[in-house]
Number of protein chains: 2
Amino acid sequence: MSRLDTKQRILDAAEQLFARDGFHRTSLRAITSKAKVNLAAVNYHFGSKKALLEAVFERRLLPLNRTRKERLEEVLQNARKRGVRPEVRDIMRAFIEPTFRFRESEPGAQDFIKLIGRSIVTPDSTAKTVLLRFMKPILKTLSEALTEALPELPKDVLLWRLYFSIGALAHTMHLDKRFQFEPLNLKAETDVKSLTNMLITFVTAGMEAS
Amino acid sequence: MSRLDTKQRILDAAEQLFARDGFHRTSLRAITSKAKVNLAAVNYHFGSKKALLEAVFERRLLPLNRTRKERLEEVLQNARKRGVRPEVRDIMRAFIEPTFRFRESEPGAQDFIKLIGRSIVTPDSTAKTVLLRFMKPILKTLSEALTEALPELPKDVLLWRLYFSIGALAHTMHLDKRFQFEPLNLKAETDVKSLTNMLITFVTAGMEAS
DNA sequence: CTTTAATTCAAACAAATGTTTTAATTAAAC
DNA sequence: GTTTAATTAAAACATTTGTTTGAATTAAAG
């Protein structure tokens with residue numbers, strides 16, 4: 001068993017189980033059983049359960065946020081070239097679309113998106129603390145882009161609206177092929193393109209509300 | 001120690017700790033320690049940890065949902081009397097405002113609102129399952145009211161927008177005097193009236209987006 | 001091939017957890 | 001006051017959990 005293989009298998013299993021059951025409710029024995037490795041391998045390769053969580057985040061979030069940042073900068077540059085304000089819709093799309101694209105790229109990515117969504121909205125938890133550390137730079141970039149798009153909007157109102165948007169996005173990330181929001185008969189069968197567009201329409205309208 | 005006192009103390013402690021740490025991460029020993037009762041009292045009075053959770057929800061959610069339902073029906077009746085469609089804003093206010101009003105009524109209520117917010121957005125967990133059972137009727141009423149307000153909107157789009165709104169509301173429920181969303185420098189010091197209005201404005205615009 | 005380093009293995013450790021059990025205490029009924 | 005019912009208390013049970021330990025195995029280096 002190669003070193004890279006063991007680590008990958010642990011990361012894959014952890015990603016899946018953290019997403020499904022949360023950080024605290026996922027035991028290391030469940031992860032190692034799923035990964036078919038020995039329990040002590042977690043400590044050997046990652047040091048601790050928390051460090052494993054950080055590794056899970058880092059593996060996927062750095063590239064995802066890089067994509068988001070590139071998309072955002074593209075929107076801003078295009079607007080500056082044309083001497084106009086960036087469009088809120090383009091900004092929100094730049095942030096949201098890579099999320100859904102990424103989710104569709106492979107099964108593990110779907111679990112990861114679920115884990116992010118879950119971690120954003122869980123107060124005071126280890127996962128959230130770790131996640132926000134990774135998210136802080138991109139959220140800063142996002143709020144600055146929105147300030148350019150909506151310069152007359154009071155800063156606190158803008159940030160609150162962004163906060164609501166993040167809540168809506170995070171909530172949407174929970175859905176997958178197996179999960180449905182039963183009270184509203186919502187199923188995740190909706191194709192991802194129209195779901196993305198619906199969400200972008202919703203948050204754009206909310207950001208621009210007068 | 002009277003019977004009502006013990007039960008209340010357990011419920012109060014459970015409410016607070018479930019909100020802070022979640023259902024699974026809160027041990028019965030933590031609850032009973034906080035409530036200053038014996039561990040076996042939980043089993044004696046409630047039967048199981050899960051039944052305690054249900055009792056926590058039931059205690060607060062039934063009156064809260066009753067208020068919401070009354071408010072919704074009032075909006076609908078007023079509109080029907082005037083022979084017009086109900087306003088989306090009025091509908092969302094009828095659903096959201098009692099939540100914030102309730103949160104401000106006492107410290108325990110704030111914990112409870114946090115617990116709801118937390119439970120709505122946690123996939124596949126005991127708390128969510130229990131909560132949605134209580135929420136199903138009011139969500140049905142809400143979606144019906146919105147259908148009256150937005151009769152031309154395709155039903156699935158309406159339901160998705162409602163789902164996004166619930167995500168935004170749930171995310172907002174996490175904030176309290178101690179908690180802030182650090183990446184955006186958001187603090188819960190914003191007065192509740194303007195926060196309520198900001199959220200209602202946001203989701204109303206999102207629901208009405210064209 | 002031998003030596004060193006890396007990795008895996010299995011057991012152990014100390015602590016935590018929900019539920020159950022039995023005895024003791026308290027409260028209510030008469 | 002006595003009897004019955006309700007409630008609390010403390011211990012036990014069986015299981016689970018993250019971390020650690022030392023030995024065994026495998027891989028890499030020379």
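Reckoned from all heavy atoms, side chains included, excluding hydrogens, waters and symmetry mates. In the text below, chain A, chain B and the rest are named by the order of the sequence lines, each starting its count at 1.
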For this session: Apply side-chain contact (heavy atoms from CB on, under 4.5 Å) to B/R59 and B/L11, showing your working.
Result: CA-CA 9 Å; B/R59 181 169 75 147; B/L11 285 167; 3.7 Å; yes
Exercise. Considering all heavy atoms of both residues, which atom of B/I10 and which atom of B/I31 are nearest to each other, and what is their separation?
Worked result: O-CG2, 3.9 Å
Exercise. What is the distance, rounded to the nearest whole Å, between atom NZ of B/K7 and atom C1' of D/dT8?
Worked result: 15 Å
Exercise. Aromatic rings A/F57 and A/F134: how do their planes relate, parallel, tilted or perpendicular, breaks at 30° and 60°?
Worked result: tilted
Problem set entry | Atom-to-atom span, CG of B/N38 to C1' of C/dT26 - whole angstrom | 14 Å
For this session: Please check if the side chain of B/Y163 supplies one atom and the backbone of A/H171 the other of a donor-acceptor pair under 3.5 Å.
Result: yes
For this session: Name the closest nucleotide to the A/Y44 side chain, picking from D/dA6, D/dA10, C/dA6.
Result: C/dA6
Exercise. With sequence neighbours left out, what residues match A/T201 under side-chain hydrogen bond (donor to acceptor under 3.5 Å, both in side chains)?
Worked result: A/R89
Seminar exercise, completed: Closest heavy-atom pair, A/S119 versus A/K128, reported as atoms and distance to 0.1 Å, is O-CB, 3.1 Å
Exercise. D/dT19 P sits how many Å from A/I31 CD1, rounded?
Worked result: 11 Å
Problem set entry | For atom NZ of A/K36 and atom C1' of C/dT8, their distance in whole Å | 17 Å
For this session: Encode nucleotides 12-21 of chain C as B, S and - characters from 5' to 3', where the letter depends on protein heavy atoms closer than 4.0 Å: B to the base, S only to sugar-phosphate, - to neither.
Result: B----BBBBB
Problem set entry | Interatomic distance, A/L17 CG vs D/dT17 C1' [rounded to whole Å] | 15 Å
